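Working notes for the structure below.
Along the sequence shown, residues carry numbers from 1. It should be emphasised that the depicted structure is a prediction, and the values quoted were computed from it without experimental measurement.
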Amino acid sequence: MIIDTHSHLYGEEFLADISDVINRARAAGLGKIFLPNINAASIEPMLALTRRDPDFFYPMIGLHPEDLGTTWREVLPQMEALLQQPEHPFIAIGEVGLDYYWDRSLNEEQQEAFAIQVGWAQKYGLPLMIHTRDAHRELVNILKQQIVHCKLSNCTLSGVFHCFGGTAEEAVELLEFEGFMLGIGGVVTFKKSHLPDVLKAAVPLERIVVETDSPYLTPVPYRGKRNESAYLVEVLRKLSQIYEKDIEEVASITTSNALKTFPKSQIIAV
Ligand code: NI
């Protein structure tokens, strides 16, 4: 069984042919797909997809750093109210984080929103799905502060640094956060990617989970097309070359990493 730990299959890109997309994913060997939330509007489509197949789809809750808009102070309490329901379906807080790529005017608000949502991970005992772009240093600093708070109150933090694309030094720094994995997707298959060398030099397979980030970041040989979870096999194939292991072994190790990092995805599963 393989697990796509980050896929936005509830998006409108998939409305027309979601049944085929699911069938292709199952045929490719996928056993579970984790769905990171984006904003207030994506919650209902995400939950609707989950209801369709609750042993296959596992939703998360969180506000994406690029989706703060002007209403995030109202949206966050609405999201937290969902977490307070006793049998809520969410397996993680995500995707949350910092993205300074397009717009730096909201840096401080992004940091504030991120810190609040890291607080949810502690309070509700869930892992984090972290998105970060052009904000490595700030992210590490916030997380370090939160972990100090967390240790004082005897909790632990865990999760995934989604779509890791940094340097070997950054990888080493992120892996110092115990209980965190690097999310590796289609970028590792790109011809000019430095990621294979970085992984080889600094990242053990035991710290990797695989993801597609569908519909984005489509792996070779499908670049230019819409990404979908079935293409996760191309990421596994590339990792098997990088780590010089059978694709089955790579699948088995990364799946066990994912189940360990998202324990609630094991409990709900039948
Ligand atoms: Ni995403």
Side-chain angles (χ1 to χ4, degrees), residues 6-8 10-13 35-46 59-83 90 92-124 126-150 157 159-167 169-171 173-174 176-177 180 182-183 185-187 190 193-195 198 211-218 227:
H6 193 117
S7 190
H8 301 276
Y10 53 80
E12 56 188 19
E13 298 86 351
L35 306 172
N37 190 52
I38 296 287
N39 54 34
S42 61
I43 298 173
E44 192 37 47
M46 176 184 69
M60 309 180 197
I61 190 77
L63 182 61
H64 192 288
E66 288 184 294
D67 279 63
L68 294 194
T70 52
T71 56
W72 67 274
R73 288 181 198 277
E74 290 105 76
V75 170
L76 289 188
Q78 290 165 14
M79 288 183 174
E80 192 182 1
L82 298 176
L83 282 169
F90 306 108
I93 305 299
E95 55 183 294
V96 298
L98 304 174
D99 192 321
Y100 294 173
Y101 184 73
W102 294 109
D103 182 3
R104 288 185 169 260
S105 70
L106 288 174
N107 285 11
E108 283 179 17
E109 291 180 65
Q110 281 194 17
Q111 292 182 22
E112 199 183 328
F114 178 55
I116 290 171
Q117 295 179 93
V118 174
W120 296 351
Q122 300 171 1
K123 190 169 164 190
Y124 300 100
L126 292 170
L128 286 158
M129 177 58 74
I130 298 179
H131 168 110
T132 172
R133 188 159 53 159
D134 287 357
H136 174 82
R137 181 59 41 219
E138 293 85 347
L139 185 104
V140 166
N141 289 343
I142 293 180
L143 217 46
K144 277 188 179 158
Q145 286 169 12
Q146 295 276 334
I147 281 175
V148 170
H149 289 162
C150 196
L157 274 178
V160 171
F161 296 105
H162 143 67
C163 193
F164 173 75
T167 63
E169 292 70 28
E170 287 170 344
E173 200 171 8
L174 293 177
E176 281 171 13
F177 292 107
F180 279 82
L182 302 187
V187 173
F190 295 176
S193 174
H194 61 281
L195 200 48
V198 170
E211 60 177 40
T212 58
D213 203 15
S214 300
Y216 312 109
L217 301 172
T218 313
N227 199 3

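Evaluation of the salt bridge (charged side-chain N to carboxylate O under 4.0 Å, His left out) rule for Glu44 yields Arg51 as partners, not counting sequence neighbours. Partners of Glu109 according to the salt bridge (charged side-chain N to carboxylate O under 4.0 Å, His left out) rule, which considers only residues two or more places apart in sequence or in another chain, do not exist here. Remark: Ala113 pairs with Leu68, Trp72, Leu76, Gln117 by the side-chain contact (heavy atoms from CB on, under 4.5 Å) rule, at least two apart or across chains. Checked against side-chain hydrogen bond (donor to acceptor under 3.5 Å, both in side chains), Thr132 has no partners two or more places apart in sequence or in another chain. Annotation: side-chain contact (heavy atoms from CB on, under 4.5 Å) contacts of Ile38 (sequence neighbours excluded): His8, Tyr10, Ser42, His64, Asp67, Glu95. In terms of the side-chain contact (heavy atoms from CB on, under 4.5 Å) criterion, residue partners of Thr167 (sequence neighbours excluded) are, by chain and number, Glu169, Glu170. Every residue two or more places apart in sequence or in another chain that forms a side-chain hydrogen bond (donor to acceptor under 3.5 Å, both in side chains) with Ser105 is listed here: Asp103. In this structure, Tyr100 has no ring pair (Phe, Tyr, Trp, His ring centres under 6.0 Å) partners at least two apart in sequence or on a different chain. Partners of Tyr124 by side-chain contact (heavy atoms from CB on, under 4.5 Å), not counting sequence neighbours, listed by chain and number: Glu80, Leu83, Gln84, Trp120, Leu126. Here Glu176 pairs with nothing under the side-chain hydrogen bond (donor to acceptor under 3.5 Å, both in side chains) rule; sequence neighbours left out. Residues forming a disulfide (SG to SG under 2.5 Å) with Cys150 (at least two apart in sequence, or on another chain): Cys155. In this structure, the salt bridge (charged side-chain N to carboxylate O under 4.0 Å, His left out) partners of Arg73, at least two apart in sequence or on a different chain, are Glu112.
Asn37 approaches Gly62 most closely through the heavy-atom pair ND2-O, 3.0 Å. For the pair Leu35 and Ser7, the tightest heavy-atom approach, listed with the atom from each and the gap, is CD2-O, 3.2 Å. When every heavy atom of Met46 is checked against every heavy atom of Phe90, the shortest pair comes out as CE-CE2, 4.0 Å. Considering every non-hydrogen atom in both His194 and Gly165, the closest pair reads NE2-O, 3.4 Å. What you find for Gly159 and Pro127 is that their closest heavy atoms are CA-CB, 4.0 Å.
Here the CZ-CG distance, from Arg104 to Asp99, works out to 9.5 Å after rounding to the nearest 0.5 Å. Annotation: the span from Leu182 atom CG to Ile130 atom CD1 amounts to 11.0 Å, rounded to 0.5 Å. Put simply, CG on Leu139 and CZ on Phe177 are 7.0 Å apart, with the number rounded to the nearest 0.5 Å. The distance from the CG atom of Leu195 to the CZ atom of Phe190 is 10.0 Å, given to the nearest 0.5 Å. Remark: His136 NE2 to Phe161 CZ distance equals 8.5 Å, nearest 0.5 Å. Distance check: Leu98 CG to His131 NE2 gives 9.0 Å after rounding to the nearest 0.5 Å.
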Before you tell me yes or no, could you show the steps for Val140 and Leu174 under side chain to side chain contact (heavy atoms under 4.5 Å, CB included), namely the whole-Å CA-CA distance, both residues' side-chain angles and the distance that decides it to 0.1 Å? CA-CA 7 Å; Val140 166; Leu174 293 177; 4.0 Å; yes

Worked check of side chain to side chain contact (heavy atoms under 4.5 Å, CB included) between Leu128 and Val160: CA-CA 6 Å; Leu128 286 158; Val160 171; over 6 Å; no

Please lay out, stage by stage, how Phe114 and Gln146 fare under the test side chain to side chain contact (heavy atoms under 4.5 Å, CB included). CA-CA 11 Å; Phe114 178 55; Gln146 295 276 334; over 6 Å; no

Before you tell me yes or no, could you show the steps for Val187 and Phe164 under side chain to side chain contact (heavy atoms under 4.5 Å, CB included), namely the whole-Å CA-CA distance, both residues' side-chain angles and the distance that decides it to 0.1 Å? CA-CA 9 Å; Val187 173; Phe164 173 75; over 6 Å; no

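Checking side-chain atoms of Glu66 against main-chain N and O of Tyr101 turns up no donor-acceptor pair under 3.5 Å. A donor-acceptor pair under 3.5 Å is absent between the side-chain atoms of Gln122 and the main chain of Leu157, judged by distance alone.
Relative ring orientation between His6 and His162 is described as parallel, the plane-to-plane angle staying below 30° on a 0-90° scale split at 30° and 60°.
Using a 4.5 Å heavy-atom threshold, the side chains of Ile61 and Ile93 count as touching.
Open room surrounds CD on Glu12; 12 or fewer heavy atoms of other groups in view lie less than 6.0 Å from it.
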